[in-house]
Amino acid sequence: MSVPPRPADARRPHAFRASGRYSALRLLREALGGHQGWRRAWRKADPRKEYQVVIVGGGGHGLATAYYLANHFGITDVAVLEKGPIGLGNVGRNTTIIRSTYYRPENIRFYDHSLRLWEGLEQELNFNAMVSQRGVVYTYHTDGQRDHMTRRANDMRLAGADCVELDRAALKALIPGISLDSGRFPVLGAFMQPRGGTVRHDAVAWGYARGASEAGVDIIEHCEVTGLRQANGRVTGVETSRGFIGAGTVCLAVAGHSSHLAGMAGIRLPIETHALQAFVSESIKPFLDVVLMFGAGHFYISQSDKGGMVFGGAIDAHNTYAQRGTQWIAQEVAAEGVALLPALARLRILRQWAGVMDMTMDGTPIISKLPLDGLVMNGGWCYGGFKAIPAGGHTAAHLIAHGEAHPLTAHMDVGRFAAGLTVDEPGTGPFPWAH
Amino acid sequence: MSAPERLRYDLVQVAPWRGDEAAFAERLRSAGWELPAFGHLWSAPGRIACSVRPGRWLLATEPTAASPAGTLAALCETAIAGTGAVTDLSAARSAWRVSGPQARAWLSAGCRLDLDPAAFPPGRATVTLIAQVPVFIASMDDGWLLMAPSSMTEHLEGWLHHAISR
Amino acid sequence: MSGPRRITTGLLTDASRPVEFSFDGRRVRGLHGDTVASALLADGVRLVGRSFKYHRPRGIVTAGHEEPCALVDIQSADGPAPNRPATIVEIVDGLEVVSQNRWPSLSFDLMAVNGLFAPLFSAGFYYKTFMRPAWAWERIFEPAIRRAAGLGVLDRAERGQQTTQPHTEEPLHDHTDVLIIGAGAAGLAAARRLAGSGVRVMLLERDVVAGGGTLLDPRWAAWRTAALEDIATDARLRVLTRTQVIGAYDHGVFAAVEALPPSAQGGGAAASPRERLRVIRTRRVLLATGANERWIACSGNDRPGVMLAGAALAYLRRYGVAVAERPVLFANNDWAYESAVALHEAGVRIAAIIDPRPASAAAARATAVGITVHHGAMVTAIEGRREVRTVQVARSDGQALTTIQTDGVLLSGGHQPESALATQAGGSLQWREDLAAFAAVLPDRLGATAGAVAGSFGLATAARDGEATAARIAAALASTRTPDTRARSGTSPTDAPPADPETSPLLALWEVPGRGKAFVDLQHDVTVEDIRQAHREGYTHIEHAKRYSTHGMATDQGRIGGLLGAAVLAAARGQTLPEVGLPTPRPYIHPTTFGALAGGEVGEHLRPVRKFPAHASHVALDATFVPAGLWLRPLVYSQTTGWEPVLRESRAVREAVGVGDASSLGKVDVQGPDAARFLDYIYANRFSTLAVGKARYGIMLREDGCLLDDGTTSRLGERHFLLTTTTANHTAVLEHLEFQSQVVHPEWDVQLTDVTDQWAQFSIAGPRARDLLQRVMPGQDLSNTAVPFMAALPAHIAGVRGRLFRISFSGELAYEVAVPSDRADEVWNALLEAGRPLGVLPYGVDALNTLRIEKGHVTTAELDGNTTAHDLGFERMLKADGDYVGRVLARRPGLTSSTRRQLVGLRPTRKDAKLVAGAILVDPAAPKVNIGDVTSCTPSVLVEGWVGLGLLAGGRGRIGSRLLAVSPLHGESTEVEIITPHWFDPENARVRA
Amino acid sequence: MLRITCPHCGVRDEVEFRYRGDASVQRPTADADATAFVAYVYERDNPRGWHHEWWYHAAGCRQYLQLWRHTVTHTIHAVGTATDTLTPPHGMVDR
Ligand SMILES: Cc1cc2nc3c(=O)[nH]c(=O)nc-3n(C[C@H](O)[C@H](O)[C@H](O)COP(=O)(O)OP(=O)(O)OC[C@H]3O[C@@H](n4cnc5c(N)ncnc54)[C@H](O)[C@@H]3O)c2cc1C
Ligand SMILES: NC(=O)c1ccc[n+]([C@@H]2O[C@H](COP(=O)([O-])OP(=O)(O)OC[C@H]3O[C@@H](n4cnc5c(N)ncnc54)[C@H](O)[C@@H]3O)[C@@H](O)[C@H]2O)c1
Ligand SMILES: Cc1cc2nc3c(=O)[nH]c(=O)nc-3n(C[C@H](O)[C@H](O)[C@H](O)COP(=O)(O)O)c2cc1C
Ligand SMILES: [Zn+2]
């Protein structure tokens, strides 16, 4: 498979690091000094009066956008405003899967761009985010499903991504614990994207924060944006819990809170906020070596490097901003899990939580100018924006720096809804709760 | 504990057109049917009427020599004489009676409803989820009447037997 | 007595019933009532596990659910159950217990070399290395890290059939007025107060018996018995032991797991433990969950033999076991002295008590019975490798005081209320300086906390609190319901609880400065230095520090060390504990098996099965079934795979006659004065003009203008229609119809009823369909005049009253008959029987697919939620006038553009070439650009070779051109000719024959 | 798990219902233009706070219900039938 070159605008990141370079040697040196020599991974900045670019939201996309602006587009007069501590939103509570298994070719190209960025990210950031290309496996249970996944696999291959089909024997060899025939929906086979996998979620936020901070970006925590100020049809800055901050461009990267922020400018987005739950089990010795998705339900699962099984299921149907799990979804998820991997019946689930996501009406994200000059957004990520963090940050930075969409995100413009050019991945129509 | 007992009913749904409610009720009354309030059950020997969807009633008869199976829908058509809709559901639902002192305890394994007599006394009827299936349930003096979509008969019957064997 | 350390009679153990189990293959004897931990301790075993990161030897630290170290795997016939706290697993004969995370053995663990590199493995070290070369992560570093991490073992392979059996019971659903969680002093007193009050009460206790802290104080036995007797008099008050509440959810919903006692489990040691989920809905909750004793960070505080003071008391009282021969107690509070005094009274020599406080009431009592107390002193180091040997004691100012030989250190840093449930339920934490702990509070509308969880420490205090709180809740409930006159007025004075001993205040003590490793999280090997390093690197928020150091993220979720770590962080930040706070607690309060949550919905019981009314007949015909949603549909009447049996069925339809079962089609009865108007609004085409006795094909749109579903709808009467939906969209369409009727147009009088289950529906298709039908409908005129194409009439079929439709999906002369589903088998068999001389075959979904592809009819493969009427060439069906769902947005430019993907027919140019469903259509000039897809395809029975349908950009304009259908997945590329999808019998001559 | 008090059936578990989205948007009249329909179909206030919404009692009385529910606390202020006029929580107006 030919892997296209990295983006042309990529350049070597700053060599100077306030926190120092991370390496095995440094670790050894610090160990000898009782680890007293470590410095803050990112500066704790206080807000200045004004920035060229203010990014609202210190999640994956906000931090990545800032990182790429500063390191790839030369715009360093940037602040990231985060209402709490960075990285505790969805980037810090998702099930960490990366892949480019999408049905729409334009989405495949975008997410595969992201995969390629993941592939060199740790070296670029000098931060081990444990990008683990262990493979993502989807079971199928009917011929119709197989045909549908075949089309996806073919589209992926045409776009330069990777995808293979596994017969039952190969699937069983890869995942000995899988139940092929004993369940309600026998498994006929599977598809796998070998380059898909997982990434250590927290490390993504911290790594980008460190990289952005060292290039001069101010990362301002505990700074909640409470209003958008505008003059003459143009955004001029943001009201925050720490005072007004002027800005030439404001980029919203607040995930589940997108409607709330856009609402401050009187803009109604085609977005509903829903919760997706996640679960982690107790740590066990290696049990599952790939990411596994259940084709006859919503269950999906992988094992973290720490040994916990990380898994989830369907979204909560109703609009919610509560980051908590519900009781009955847990039952559904567990039942599907046991149906697929019966040994799980004896495994104990440690924790259950939820994240609030910006579900767009067509399931495709929005990287777009909004109808107020100087206001752009990087959001609408639904339940799949973690994998998109490098590409989302990179293309949003492109939009901010060049004033026009990156070619890979042309289809993510917010105007698509009025024009009838929606990119409805699931095909369920404008009903986010059914996605 | 006694095993769930499969019942055979003729089952018909009737609903008045708007404005015809009084005439509709009157005609059914003269045909021997009382229409209970929503969520309630009316019964007479061999027949039951109840309402689990506002503005609609389910009428059920046990087939007899006088009114053999499959005749209720036509009887209802005649009775209501154009004042409402009649839909035959005789083959759409399977019905069971479950009774015995433990019946409530083991129904609570699948039934999310509060079946305490204080909350759901005899004479009440409703639809709720049991074993993932929308099930009609009525509390009767001698136990519980359950009805489930007929395509899920085996599923629900299997579940009921499993519940008992616990 | 069993085991050298069993020195007295335990409350729970039965000396007359020895039980034998194995630990790492060695046989151990215990008593009925023992846990694995108590039996091992009685046997003198110290080392029971290895830690997560450094593989340090670890022992038993607690006597309950909060155990961080003594986790073991329990073997069963189904495979191992990993990570069970030895402190709560009850022993039964033959139980096989295996230690974890060591290789080759517990006492000689090669992975302990990790300990040598411990200086490297500081907080977050893995984020800073293993980055180069990039490929090495997946191939070298990650596998090594994964093997080293993890505790217990879950079988990687499925073990035969057994694993598909339900491990658990069906979840139970409960409803109550008051849910009391925890049957300690507070919970029992509260339940007793509510007994007889007429409110429904559930009292849940996770322990094997009710009593909580009262079990550890013999003076409370009488009170406990009296309370339980009072409680038992009220049939509306249910007490469940071994039942642990695992999570609090919105609207008064709680989840609990009830473990069935080993005796109720039948299968003995080999069976997986059976447990059942309870979902409880309550009007008010009374949380009486007590408190957890806290750890102290001092050097070597993880050595086997170091234990919580309260745990030592529990082993003595509950199981009659002395955890050490010469223990030292290191405590900052009076409550912990009870452990030392009780052990002393039981004959154990207490080496010394070390207390940082200058004096205390409890110390005075201890001294009085002859125990040495070092005041103003601290343990600076605990030494020994696999077992504690000595402790170093220093004065609070750091000056060395003495070295004490000991075989056990009892630690107590105070207590932290078990507050997680309260926080989850919507309560809050209040810092209590006097307890150096957060007490939990609940808002009145949810309920209340009582006892130690509310900061009311001491049994008598807790009991009083429980009673008063219950009274408050009863009053609040009474104000919303008629009060019951039977309510008790209060506890009778005769069984008043024993008084609490006088206690002096504790002295907050978190960390003792020292040189070795001092752990705040035992399981995850997090030390005070790790917390400080996290702080140094900027991970200063409690949630960042937690994630960076993994503190509080182990199976015990920081139950004994959580506050301790927060205190170390607070000190580093120069702030107070309330400013730092605790990380968010989440379900589950105790880790919960998948099995308990899944209940009976496992294996084939995952979802209900919907069976066709004539399912049995299909089975008898050797059908292979395919799932379609919940339905099982006959795919082909053969067990052999491949196209041969499918094509035989298709050919029968094309050449003679076939009978197919279409019973899963959704059927909706639409009745009412406004039924016709309603359908005009629902469908993009018109239905009000449909004559009674006729059917019409209709398409319905979503409001966004895309196709929602299609199907034929018949007019059975002036006010009566029967609408059909596709199998896949039945539920969605029904909800859509109800929405439009109830919400958008409530002024229309329409009644919608799902009649899918009422009717079995069979199609009879093929040139000889009429012949066949005539044989089962002898009196019926089936001529084109009597039953023209698209007729829909009442009829008797094989003597059964039903309906006859003349509709065709296959493109042949065809009928569909509908009969009540309870007559399905009878009619189905009559059709086959009648057709036998005509060469009839039953045909399944696969054959139907062949037939409809040839005819150019679409199904879900083409109706993928993005297709529009224009895409399928249906634009002429869109009504020009009148409102209908989707009318306005369907006209958006993006939905009508002729460059959109349009339905086309496909035929390989070479007759021996196959088509692949899911192949991509490309122009040979731009072979990487997707311009369309092969949505469905089949070998044809009409023409030689394969035929297919596709959606192709500007497809109608490309008819006649040649493209490639490529499937890189299969390495295939087939030249195809783009043809009209309606190439077969475009005039419908066969259909109308 | 939410517990919803159906005005017909009484209090029931969330699993018996199907969510049906924002109830504050109303279908434009037949003569409205595409802009109005785009707003109806796609654009949402999506409030962090009180939300007026539809629920369908699918496994019960099969009636559509309106709720005022808080999207952070999940408190249900009011439930009504499809044609009821509900009093919004204090300070709320429906569009
Ligand atoms: C349970 C779960 C599992 C998931 N699994 C996957 C997966 O496996 N793979 C995948 O690709 N995606 C997954 N996702 C989706 C993915 O996590 C999100 O799409 C993505 O993280 C969202 O982008 P983000 O990281 O920028 O969001 P966030 O991390 O949520 O960042 C938004 C930030 O904005 C801040 N903010 C909000 N309002 C304000 C304000 N007024 N002022 C200042 N700051 C504000 C928030 O505090 C937050 O930190 C999952 C999501 C969830 C919830
Ligand atoms: N040992 C000490 O020195 C000390 C110090 C402070 C407090 N306390 C204790 O405080 C107690 C005060 O009485 P109390 O009634 O508040 O506490 P308690 O410890 O007597 O009772 C709490 C009970 O709740 C149960 N429980 C906890 N979480 C549960 C859950 N999720 N599900 C089901 N059951 C659960 C526990 O098993 C325990 O039996 C006394 O027992 C006293 O021992 C003790
Ligand atoms: C991939 C992943 C792995 C996790 N592993 C653990 C774990 O081993 N132990 C743990 O306590 N929590 C674990 N968590 C859950 C976090 O503790 C936390 O619950 C989650 O990030 C949501 O944050 P919150 O609960 O603080 O709101 C994990 C979370 C993720 C996303
Ligand atoms: Zn209802």
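Chain letters run A, B, ... following the sequence lines, proteins first and then strands; every chain starts at 1.
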State the CZ-SG distance between F38(B) and C61(D), to the nearest 0.5 angstrom.
5.0 Å
Heavy-atom distances under 4.5 Å only: say whether V11(D) touches chain B with side chain, backbone, both or neither.
neither
Is the shortest heavy-atom distance from the side chain of R112(B) to the side chain of M1(D) under 4.5 Å?
yes
Residue-level interface, residues 128-152 of chain B with chain D, non-hydrogen cut-off under 4.5 Å
T128(B), L129(B), P134(B)
Within a reach of under 6.0 Å around CD of E157(B), are more than 12 heavy atoms found that belong to other residues, nucleotides or ligands?
yes
With a 4.5 Å cut-off on side-chain heavy atoms, are L113(B) and R12(D) touching?
yes
